[in-house]
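Each chain gets a letter, A, B and so on, in the order its sequence line appears, and its residues count up from 1. Bear in mind that the values here come from a model prediction, so they are computed numbers and not experimental data.
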There are 2 protein chains.
Amino acid sequence: MTFSEENYLKTIYHLMAVSDAGISTNAIAEKMETKASSVTDMLKKLAEKELVNYVKYQGVSLTEKGQLAAKMIVRKHRLWETFLVEKLDFSWDEVHDLAEQLEHIKSEKLINKLDDFLGNPTEDPHGDAIPDANGRITKIEKQLLSEMDKNRVGICVGVKDTSSDFLKYLDKQEIALGSHIEIIEKESFDSSFRIRVETKEITISHKIASNLYIK
Amino acid sequence: MTFSEENYLKTIYHLMAVSDAGISTNAIAEKMETKASSVTDMLKKLAEKELVNYVKYQGVSLTEKGQLAAKMIVRKHRLWETFLVEKLDFSWDEVHDLAEQLEHIKSEKLINKLDDFLGNPTEDPHGDAIPDANGRITKIEKQLLSEMDKNRVGICVGVKDTSSDFLKYLDKQEIALGSHIEIIEKESFDSSFRIRVETKEITISHKIASNLYIK
DNA sequence: AAATTGTTTTAGACTAGACTAAAAAATATT
DNA sequence: AATATTTTTTAGTCTAGTCTAAAACAATTT
Ligand SMILES: [Mn+2]
Ligand SMILES: [Mn+2]
Ligand SMILES: [Mn+2]
Ligand SMILES: [Mn+2]
């Protein structure tokens, strides 16, 4: 499988996690910053290889085979991110682009040894689940901070937006995975939140709150 | 720089280490298992980018810029090999092909952090020197076992042939980097060697002896 | 139901990197 | 010095992956 094929599979996989319906050509093109015509070409090729179910004009979905292949790429991506943060001391906002390269290294043995070396982690530095060697995923029940009520407490276990900008903002506010969070007040006017992070009280916008997962 | 360009640079670099003269198109083609015409095309492109000195029909050599670029690829290759053996517990005959992939990951920061993580090694698992971040190489004086006289003793510090077959043979004979070697006898008839490896006495062919570096 | 708008596919072109076959240049042999 | 052989380059073709522009189809509005 080529780099490009792998990137398409991964994109379709991520889009399927959001909407259950058939994934549209345009949605893929937009996410990959490419043109719809390029997507159509690739979908034909992936369909030929039985990695996707593709019917002209009706969007696309992964086959079982395609799903497993996609999961293996996601597995590699998240294990490499974990390696970079845990072992090489990168910060969580730096690792995504590197993992985009590393996820294409072809070797089952390598990734399984890396998995062992890291102690078989179940989540990556952004709180996202790492599929195991068989593609199995242990889901963690978590909730967006924006959907929680006043006075609730919990632990920050993940981020929805993993952009460098957002992660740096969280660093500045000293919000990290594992941080203890308490909802002090919800401002109905602008939907902002007054929260306590560990011992410190801060105000965050609704946008921030809707990108933080709490358990 | 593309994967392919990097592979050509690396090949030219390795060929230059052997012969000082201009590297021939055919030599590159043979080493890369490609066709001479493909090589010519690429040499033009690399010359355009000022990575090689190329004059039609007269072979090619690396420019300063090309040399540094090649050294950085070799650096990455050897650091990744070291990582695989030291940290992930691969054996020395398994890592080359993986490093061929990993050497193309683009990030100075990553490779320098990896270097630190490994304790800034100066040699890879095959005894080959690892260039530092500036491309500097600490040469180790070493000698082919085949060029040593009877009764000489030393330590095995490297292998010339790094093929999986040869390395597996060495494993079988319990010859490793660091092994104490003593030359007991040189058979003039077939140029074979009777040697002591640590405490064990064995006979090795001339071909084997000419692929072992001793210090 | 027809017309408009938006989406998707097709057709055709381009680039990188490979190949084969033929031409040109260099080298070796007589 | 002329001829034969080998090496290298050129010319032209192919594939993967991308793009633009046009055509086909689907969805929405009137
Ligand atoms: Mn990521
Ligand atoms: Mn992640
Ligand atoms: Mn190697
Ligand atoms: Mn090596």
Problem - B/Ser163 and B/Asp161 side chains, donor-acceptor separation under 3.5 Å - result: yes

Practice task
Take A/Tyr8 and B/Ala36, find for each the nucleotide of DNA chain D with the closest heavy atom, and name the residue whose nucleotide sits nearer the 5' end.
Solution key: B/Ala36

Problem - Closest-nucleotide 5' rank along DNA chain D - winner of A/Lys56 and A/Met42 - result: A/Met42

Handout entry: Any A/Ser38 side-chain N or O less than 4.0 Å from OP1/OP2 of D/dT18
Key = no

Handout entry: Distance below 4.0 Å between A/Lys44 side-chain N/O and C/dT9 OP1 or OP2
Key = no

Practice task
Using a cut-off of strictly less than 4.0 Å between a heavy atom of the residue and any atom of DNA chain C, enumerate the qualifying residues of residues 25-35 of chain A by number.
Solution key: A/Thr25, A/Asn26

Give one of base, sugar-phosphate or nothing for [X], where a contact means two heavy atoms less than 4.0 Å apart.
{"X": "B/Ser4", "result": "sugar-phosphate"}
{"X": "B/Tyr54", "result": "sugar-phosphate"}
{"X": "A/Ser37", "result": "base"}

Problem - B/Lys87 to A/Phe117, cation-pi by 6.0 Å centre distance and 45° axis angle - result: no

Practice task
Using the six-membered ring of B/Phe90, assess whether NZ or CZ of A/Lys113 lies under 6.0 Å from its centre and within 45 degrees of the ring axis.
Solution key: yes

Practice task
Only one of B/Gln101, B/Glu103, B/His104 passes side chain to side chain donor-acceptor pair (under 3.5 Å) with B/His77; say which it is.
Solution key: B/Glu103

Problem - Nearest-angstrom distance from the residue atom CG of A/Asp41 to P of D/dT18 - result: 9 Å

